[in-house]
Amino acid sequence: MSDISNPLDDPTSDPFELAADAAADIARLTGVDRHDIALTLGSGWGKAADLIGETTATIPATEVTGFSKPALAGHVGSLRSILTPTGRRVLVIGARTHYYEGHGVRRVVHSVRTAAATGARTMVLTNGAGGIKAGWKPGQPVLISDHINLTGDSPLEGATFIDLTDLYSVRLRDLARRIDPTLDEGVYCQFRGPQYETPAEVRMAKTIGGSIVGMSTALEAIAARQAGMEILGFSLITNMAAGIQTTPLSHHEVIEAGREAEPVISALLARVIGEL
Ligand code: HPA
């Protein structure tokens with residue numbers, strides 16, 4: 001399963017040095033020395049990149065140290081450098097490596113560490129996810145207020161004790177709500193995947209305080225906090241979680257819900273980025 005050509009898989013490698021190498025690749029390939037904000041685009045959020053500002057460079061992620069090939073159609077494997085109207089540089093990561101791909105957590109968080117190494121102080125993480133909370137509807141964006149990491153894994157190596165209080169910045173959530181006061185928020189539970197949850201797992205997630213279920217984001221947020229970044233998390237509710245919706249879940253349904261919601265949520269995200 002492992003792609004031996006990826007230097008992150010060498011246990012003697014230093015993931016932070018490789019992130020610095022990746023940031024140097026990005027600077028060379030985009031011609032932009034430093035970025036201010038990084039944005040990871042999940043299902044349904046892709047159009048935001050077009051609305052944020054002027055794309056000054058698009059590069060295939062495979063040209064950048066440590067990036068893996070995308071596992072799925074619909075997960076675009078590219079990095080874009082965007083210049084906003086206010087002169088800020090945004091690194092858009094359209095090349096997420098998911099934990100369920102089985103390549104290890106170093107590869108999952110490499111994009112976040114690379115973003116930090118490019119200079120980005122703000123990390124915006126987006127995803128498509130299942131909704132648990134009563135009243136939520138597919139197509140609705142929600143803010144992530146906190147997470148429960150159910151992967152049993154961590155991007156932190158060794159005795160690295162990191163505080164995760166207010167992991168998802170209160171300041172940035174307030175800023176997002178000033179732009180859209182109807183935004184609700186919830187606790188994101190990261191499951192390993194790639195299977196969707198069972199109804200019993202969704203009931204468990206609800207019982208322990210979760211309101212969103214998905215397969216990304218929590219591990220990335222931990223790495224972003226370790227790197228000292230301020231974090232904003234958004235989920236697009238693409239479906240109600242298993243057992244809450246009575247029909248079976250399908251990847252097709254998730255992609256379709258993302259496609260339908262994309263114009264509205266992308267415009268919202270672009271406005272939020274404009275205010276960061
Ligand atoms: N569960 C986990 N991941 C998801 C879901 C879900 O219901 N929908 C979209 N991604």
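Counting starts at 1 for both ligands and their atoms, following the listed order.
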Would you confirm whether S235, through its side chain, and G128, through its main-chain N or O, come within 3.5 Å as a donor-acceptor pair? no
Do the side chain of S145 and the main chain of G186 share a donor and acceptor less than 3.5 angstrom apart? yes
Applying the side-chain contact (heavy atoms from CB on, under 4.5 Å) criterion to I144, which one of N127, L232, T126, L167 satisfies it? N127
Subset of ligand 1 atoms that lie under 4.0 Å from at least one heavy atom of [X]:
{"X": "V254", "value": "8 (N), 9 (C)"}
{"X": "T238", "value": "8 (N), 9 (C)"}
{"X": "M215", "value": "2 (C), 3 (N)"}
{"X": "L249", "value": "7 (O)"}
{"X": "N239", "value": "5 (C), 6 (C), 7 (O), 8 (N), 9 (C)"}

Under a 4.0 Å threshold between the charged nitrogen and the carboxylate oxygen, would E230 count as salt-bridged to R121? no
Are any of the side-chain nitrogens in R177 or D174 under 4.0 Å away from the carboxylate oxygens of its partner? yes
Nearest-contact summary for [atom] - protein heavy atom, Å:
{"atom": "atom 10 (N) of ligand 1", "result": "G128 O, 3.3 Å"}
{"atom": "atom 3 (N) of ligand 1", "result": "G214 CA, 3.5 Å"}
{"atom": "atom 2 (C) of ligand 1", "result": "E197 OE2, 3.2 Å"}
{"atom": "atom 5 (C) of ligand 1", "result": "G130 N, 3.4 Å"}

Hey, what's the ring geometry for H147 with Y168, parallel, tilted or perpendicular (30° and 60° as the breaks)? perpendicular
Mind checking the OG1-CE spacing from T198 to M204? Nearest 0.5 Å is all I need. 8.0 Å
Below the 3.5 angstrom mark, is there an N/O of Y196, backbone or side chain, next to an N/O of ligand 1? no
